[in-house]
Number of protein chains: 2
Amino acid sequence: METKTNITINDVARIAGVSKRTISRVINGSPMVGQATRERVEQIIKEVKFQPDKQARGLASNRSYLLGLIYDNPDALYIDQVQRGALDICSSLGFELVVHPCQWQSDDFIEDCLNFASRSRVDGIIVIPPVSESDKLAEAFKSIKLPCIRIASTDLGDPDNIVISDDRGAMTDIAEHLIELGHTDIAMITGPMAFHSSKERFEGFKDALRVNGLDLPENRIQFGENTYETGIECARALLTQTPRPTAIFANNDEMAAGAVRVSSDLGIKIPNDLSIAGFDDNIIASRIIPSLTTIKRPVQKIARLATQKLIQSISPDQGAEHEKIVVKPYLITRESTKQCPN
Amino acid sequence: METKTNITINDVARIAGVSKRTISRVINGSPMVGQATRERVEQIIKEVKFQPDKQARGLASNRSYLLGLIYDNPDALYIDQVQRGALDICSSLGFELVVHPCQWQSDDFIEDCLNFASRSRVDGIIVIPPVSESDKLAEAFKSIKLPCIRIASTDLGDPDNIVISDDRGAMTDIAEHLIELGHTDIAMITGPMAFHSSKERFEGFKDALRVNGLDLPENRIQFGENTYETGIECARALLTQTPRPTAIFANNDEMAAGAVRVSSDLGIKIPNDLSIAGFDDNIIASRIIPSLTTIKRPVQKIARLATQKLIQSISPDQGAEHEKIVVKPYLITRESTKQCPN
DNA sequence: TTGTAAGCGTTATCAA
DNA sequence: TTGATAACGCTTACAA
C-alpha cells in the first residue's frame with residue numbers, strides 16, 4: 001500500500017487551533033460549539049477537503065454508516081430503481097448501500113441474511129418484495145435489534161417499519177378504466193396467493209368490479225405464479241372458453257406479456273378483440289406489441305421514503321417516527337386496452 | 001444502541017490462552033504459527049463463532065473490505081447479473097459490494113466517482129460498460145492508486161486491468177447464422193460510434209460478412225444510439241428502401257425491438273419477410289413477438305472473473321496477475337430469424 | 001463552550 | 001514461533 005496522505009481529524013484540529021473533540025462536535029452537528037468556532041472549523045474542513053473516516057467513526061461509535069439492501073426479485077428494473085432511490089438519500093446523508101441478493105425460498109435464507117448483517121455490520125436493512133413479506137425475517141432482525149424497513153403492498157401487521165404501495169387502491173383505477181371502455185366480461189390472472197401483494201390486488205380488483213356492479217365469476221379467474229410461462233397457461237385457459245372474456249387483467253406485466261403471446265398464437269387481435277392490462281410497468285410493457293396498459297408504482301420515490309425513515313430510526317438524536325407511509329401507484333394507458341367490441 | 005455481546009479477538013485470545021497477535025495471525029493465514037496452536041485457535045473461532053470486525057480490521061490495516069461497483073446502464077438486468085456475479089466472489093472472500101450508479105455523461109462524473117471512492121473507502125472498483133470505456137476514469141483511479149477493473153468489449157489499450165467480452169468474435173457467429181439462412185442482403189443498425197463496443201461489433205460484423213463474400217453497403221448501415229426510439233428511426237430508414245434488406249442486425253436488443261415495432265407498423269412479417277437479430281439477450285428479447293435471435297454475454301461469469309482478479313490485485317501477498325481475460329459471448333437462436341424468402 | 005484521556009477491535013512493530 | 005505495546009481515526013465520558 002501507499003503512504004496515506006489523507007487528512008485526519010487531528011490535522012483539522014491542529015490547523016484550527018482547537019482540540020479534536022471540537023472538530024468531532026462540528027462534524028456531528030452538536031450544538032455545543034461556539035458559532036465563531038463552528039464557522040471557522042467548517043471553513044477549514046471545506047478547504048482541506050476533510051472527510052471523516054467511516055471505519056474509525058464506526059469503530060468508535062459502533063456504527064458502520066452502511067445500509068443493507070436485501071432482495072430476491074426477478075425484475076431487475078425494479079431493483080435498479082430501488083437502489084437509485086435508496087442511494088439518493090444515502091449519499092446525501094453519508095451512508096453507503098451494500099447489496100445482498102438472496103434466495104428467500106431456500107432453507108437457510110434467514111440465517112444467510114443474519115449472517116450478511118453481522119458480517120457487513122450494516123446499521124440498518126431495507127427489504128423489498130417479495131422478501132419483505134417474510135415475517136420471520138422481520139422478526140429475526142427485530143430480535144437482534146437491527147433496524148429494518150420493509151417495502152410492501154399492505155401493512156403486514158407491522159405498520160411501524162414499513163412503506164406501503166397502495167396496490168389495492170390502484171386496482172380501482174384499472175378496473176374503472178376497463179369498465180369505462182365498456183367491458184363487462186372481465187377476467188383476471190392472479191399472482192401466487194401466498195403473496196400479500198397478490199391477494200391485495202386480487203381482492204382489490206374484485207371489490208372494484210363489485211362496486212361497479214360487476215362480478216368476477218370463478219371461470220374468469222386463473223391462478224398464476226407471476227411468470228411469463230404461467231401467464232401463457234392461464235391466458236390459454238381463459239381464451240379457449242366460449243364465450244371468452246373481452247378483457248384480462250394480469251397480476252403483473254410478465255403474465256400480461258404471456259397473455260399477449262397466447263392471443264397472438266390464437267389469432268386474437270389486441271386490443272380490437274381483447275383488452276389486456278398488467279401491473280409493474282416493467283421494461284417489456286412498453287416494448288411488446290401492442291404496448292401494455294399497466295400500473296406503475298413510483299418505486300424510486302418509495303425507496304427514498306423508506307431509506308429516509310430507516311436512517312431516521314438509526315440516528316440516535318431523532319425519535320423514530322411511528323407513522324405509516326403510503327404511496328399510491330398510478331395507471332398508465334397504452335395500446336393494449338380499448339373500447340369493448342360489443 | 002444495545003450492549004454489544006459480540007465476541008472479539010480478545011475473547012478468543014483469552015479462551016485459547018494465547019496473545020491476540022497470534023489470533024490475528026491465524027485469521028490472516030500467516031505461516032508464523034505453530035500447527036498445534038493454529039488448529040486449536042481455529043477450533044475455538046468456530047465454536048464461539050468469532051467474526052473479525054471489518055471496521056477495526058480496516059482501520060488498522062488501512063483496508064475496508066469493501067468493493068465498489070460503478071455503473072450507468074439502462075439495462076437493469078445486466079447490472080443485476082453483474083452484481084450477482086461479483087457477490088458470488090465477494091462473499092466467499094469476505095468482501096462486501098457497495099454500489100454507485102452515476103451519470104457518466106455529466107461534467108462532474110469523474111469527481112463524483114473519486115468522491116465516492118474516498119467517501120466509501122473501497123479497496124477496489126469494478127466498472128462496467130459503458131462507464132468502463134472512460135479512460136479518464138481509469139486514469140483517475142490509477143493516479144490515486146486505487147485498483148480498478150474494467151469490464152469491456154476490447155482491451156481499451158489497458159489490457160492489465162480488464163476483463164473482455166469478445167463481442168467481435170460473436171459477430172462472426174451471428175453473421176454466419178444469417179448467411180447460413182440464405183441471406184445476402186443484410187443491414188445493420190449500429191450503436192454510437194463513440195463506444196468501443198459499438199465499433200467492435202460494427203467492424204466485427206462487417207469483417208464477418210466480407211470473409212463470406214458479402215458486402216455491407218452504405219445504404220444498409222444506419223447509425224443508432226442504442227435506444228428503442230433510435231432503433232425505430234433506423235429501422236424505418238432501412239425498411240422504406242426499395243428493395244429492402246432481408247435481414248437486419250441491430251447493435252442491441254432495444255433497437256432490435258424498435259425494428260420489430262416498425263416492421264409491425266409497416267406490415268412486414270417477421271421472420272417470414274424479414275429476419276431481425278439483436279445483441280444482449282435482455283428480458284425483452286424473449287418476451288416480444290416474435291422472440292429475438294440475439295447474442296448473450298455470460299455476464300455473471302465475466303463479473304466473477306473480474307471480481308476475482310480485482311481482489312487478487314488488492315491482496316498484498318498475491319502478485320497481481322497480468323494476464324488478459326477474455327470471455328466469448330454466444331448466439332441464441334429464436335423466432336426472429338428464418339430462411340431467406342428468396 | 002471547550003479540552004483531556006480512554007477506549008473501539010484490529011494489525012504492525014519489534015523484541016523475546 | 002510467540003507476545004507486549006503502540007498505532008489506526010474517531011467518539012464519548014468526564015472535567016474544566
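Below, read A as the first sequence line, B as the second, and so on, with proteins coming before strands; counting in each chain starts at 1.
Q312(B) and Q308(B) are not linked by any side-chain donor-acceptor pair at a separation below 3.5 angstrom, with hydrogens and angles left out of the test.
For the pair R21(B) and dT2(D), the criterion of a side-chain N or O lying under 4.0 Å from OP1 or OP2 is not met. Dashed line: the shortest gap from a side-chain N or O of S19(A) to OP1 or OP2 of dT4(C) is not under 4.0 Å. The phosphate of dG3(C) (OP1 or OP2) has a side-chain N or O of T22(A) nearer than 4.0 angstrom. A sub-4.0 Å separation between OP1 or OP2 of dT11(D) and a side-chain N or O of R57(A) is present. Of the side-chain N and O atoms in N62(B), none sit less than 4.0 angstrom from OP1 or OP2 of dT11(C). Taking 4.0 angstrom as the limit, T37(A) places a side-chain polar atom (N or O) nearer than this to OP1 or OP2 of dT2(C). Residue S61(B) places no side-chain N or O under 4.0 Å from the OP1 or OP2 atom of dT11(C).
In this entry the distance linking CG of N28(B) with P of dA12(C) reads 7 Å, nearest Å. In this structure, Q55(B) atom CD and dG7(C) atom C1' are separated by 15 Å, rounded to whole Å. When rounded to the nearest whole Å, the span between CD1 of I27(A) and C1' of dC10(D) equals 8 Å. Between the P atom of dT1(D) and the CD atom of E39(B) lies a distance of 14 Å, rounded to the nearest Å. Whole-Å rounding puts the K20(A) NZ to dT1(C) C1' distance at 19 Å. Remark: P of dT12(D) and CD1 of I23(A) are 16 Å apart, rounded to the nearest angstrom. Distance CG (N10(A)) to P (dA5(C)): 14 Å, rounded to an integer number of Å. For the pair M32(A) CE and dA15(D) P, the interatomic distance rounds to 18 Å; values are reported in whole Å.
Here the side chains of P147(B) and L310(B) are in contact, with some heavy-atom distance below 4.5 Å. Looking at W104(B) and C113(B), their side chains never come closer than 4.5 Å, going by heavy atoms from C-beta outward.
Minimum atom distance to the side chain of A60(A) is reached by dC8(C), of the listed dG9(C), dC8(C), dG3(C). Looking at the side chain of A56(A), the nearest of the listed nucleotides dT11(C), dG9(D), dT2(C) is dG9(D).
Residue R121(B) places no side-chain atom within donor-acceptor reach of the base of dG9(D), judged by atom type and a 3.5 Å distance cut-off alone. Residue K54(B) places no side-chain atom within donor-acceptor reach of the base of dT10(C), judged by atom type and a 3.5 Å distance cut-off alone. Taking 3.5 Å as the limit, the base of dT2(C) and the side chain of R25(A) contain a donor-acceptor pair of atoms between them.
Across all strands, Y65(B) comes closer than 4.0 Å to no nucleic acid atom at all (heavy-atom distances).
The closest donor-acceptor contact from the side chain of S134(B) to the backbone of V131(B) lies at 3.5 Å or more, if one exists at all.
Ion pair D166(B)/R297(B) not flagged as a salt bridge, since none of the NZ, NE, NH1 or NH2 atoms sits closer than 4.0 Å to an Asp/Glu carboxylate oxygen.
Below 30°, between 30° and 60°, or above 60°: for H100(A) and F116(A) the angle between ring planes is below 30°, a parallel geometry.
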